[in-house]
Amino acid sequence: QVQLVESGGGLVQPGGSLRLSCAASGIIFSIYNMGWYRQAPGKQRDLVARITRSGNTDYADSVKGRFTISRDNLQGTVYLQMNTLKPEDTAVYYCNARNTISMREYWGQGTQVTVSS
């Protein structure tokens, strides 16, 4: 019943930009903290950015100044604007939702981002 659907991934050259979207359904979106994670081949899944229900944000050091996370509570969607992309940003990007009361988590299927010349 709960669904997190990512979109917006693709192939981009170094220095380019992409905007990822995650559309949530089946949850009361406004009580969930949201996050973006990524996983490269042979690597563990790591936090990229998160945004709380109140709008506070955190970023991994590797993306600070380049990525921006935002949310639209009316639409039930979280976004990740990615600028000045680097080859090391190549990974599958996953949307995460965490219930701030129960701490239950949900994950999206993921969307591939490839940065290459």
Side-chain angles (χ1 to χ4, degrees):
Q1 200 81 343
V2 176
Q3 287 190 328
L4 302 176
V5 181
E6 301 98 334
S7 61
L11 174 65
V12 64
Q13 293 187 345
S17 297
L18 285 173
R19 185 177 178 87
L20 305 183
S21 299
C22 172
S25 61
I27 64 172
I28 304 175
F29 188 78
S30 61
I31 69 169
Y32 279 74
N33 291 341
M34 304 297 298
W36 287 97
Y37 292 72
R38 68 187 182 187
Q39 186 170 23
K43 306 287 187 178
Q44 66 181 14
R45 185 169 56 190
D46 291 323
L47 175 70
V48 177
R50 58 184 163 198
I51 183 168
T52 70
R53 57 181 297 187
S54 60
N56 294 321
T57 58
D58 277 334
Y59 298 92
D61 288 341
S62 59
V63 307
K64 284 182 179 178
R66 300 188 297 120
F67 291 10
T68 303
I69 188 171
S70 61
R71 65 190 294 163
D72 184 335
N73 285 349
L74 294 180
Q75 191 180 18
T77 303
V78 63
Y79 303 93
L80 185 68
Q81 178 67 46
M82 305 185 294
N83 299 325
T84 320
L85 283 161
K86 304 175 180 179
E88 50 262 46
D89 296 319
T90 296
V92 177
Y93 284 71
Y94 296 92
C95 180
N96 169 269
R98 179 180 294 180
N99 188 305
T100 58
I101 299 173
S102 70
M103 301 304 291
R104 185 171 184 175
E105 288 191 330
Y106 300 97
W107 293 91
Q109 183 179 359
T111 184
Q112 176 72 48
V113 172
T114 302
V115 184
S116 177
S117 60

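A heavy-atom distance below 4.5 Å is found between the side chains of M103 and R98. Counting only heavy atoms from C-beta outward, the side chains of Y79 and D72 approach each other to under 4.5 Å. For the pair D89 and R38, the minimum side-chain heavy-atom distance is below 4.5 Å. For the pair M82/L20, a side-chain contact is recorded, criterion being any heavy-atom separation below 4.5 Å from C-beta on. Looking at N56 and I51, their side chains never come closer than 4.5 Å, going by heavy atoms from C-beta outward.
Side-chain N or O atoms of R104 include none that pairs as donor or acceptor with a backbone N or O of T100 at under 3.5 Å. Side-chain atoms of R66 come within 3.5 Å of backbone atoms of T84 as a donor-acceptor pair (strictly under, hydrogens ignored). Q81 places no side-chain N or O within 3.5 Å of a backbone atom of I69 that could act as its donor or acceptor partner.
The distance from atom CD of Q39 to atom CD of Q44, rounded to the nearest 0.5 Å, is 8.5 Å. Summarising the geometry, atom CG belonging to L4 is positioned 10.5 Å from atom OG1 belonging to T77; distances are rounded to the nearest 0.5 Å. Between atom NZ of residue K64 and atom CG of residue D58 there is a gap of 7.5 Å, rounded to the nearest 0.5 Å. In this structure, R19 CZ and T68 OG1 are separated by 9.0 Å, a value rounded to the nearest 0.5 Å.
A 6.0 Å sphere centred on CD of Q109 holds no more than 12 heavy atoms belonging to other residues, nucleotides or ligands. In the displayed structure, Q3 atom CD is contacted under 6.0 Å by at most 12 heavy atoms of other residues, nucleotides or ligands.
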Item to check | Step-by-step side-chain contact (heavy atoms from CB on, under 4.5 Å) determination, E105 to N96 | outcome: CA-CA 7 Å; E105 288 191 330; N96 169 269; 3.7 Å; yes
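Between Y93 and F67, the angle of the ring planes lies from 30° to 60°, which puts this pair in the tilted group.
Residues meeting the side-chain contact (heavy atoms from CB on, under 4.5 Å) test with S117, sequence neighbours left out: P14.
Within the structure, disulfide bond (SG atoms under 2.5 Å apart) pairs that include any residue of residues 24-109 comprise C22-C95 (at least two apart or interchain). Evaluation of the side-chain hydrogen bond (donor to acceptor under 3.5 Å, both in side chains) test over residues 23-33, restricted to residues two or more places apart or in two chains, returns Y32-N99.
Note on V48: it clusters hydrophobically with Y59, by side-chain heavy-atom contacts below 4.5 Å among ILVMFWY residues. By the rule that hydrophobic residues join a cluster once side-chain heavy atoms approach within less than 4.5 Å of another member, I28 and V2 end up as members of one cluster. Y94 and L80 sit in two unconnected hydrophobic clusters of ILVMFWY residues. Membership requires side-chain heavy atoms under 4.5 Å apart, directly or through other members. Cluster membership check: V92 does not share its hydrophobic cluster with W36, using side-chain heavy-atom separations under 4.5 Å among Ile, Leu, Val, Met, Phe, Trp and Tyr. In this structure, V63 is a member of the same hydrophobic cluster as V113, with clusters built from ILVMFWY side-chain heavy atoms closer than 4.5 Å.
Side-chain polar atoms of T114 and S116 form no donor-acceptor pair below 3.5 angstrom. At a cut-off of 3.5 Å, with distance as the only test, a side-chain donor of R71 or N73 sits close to an acceptor on the other residue.
Closest approach of L47 to A49, counting heavy atoms only: CD1-O, 3.5 Å.
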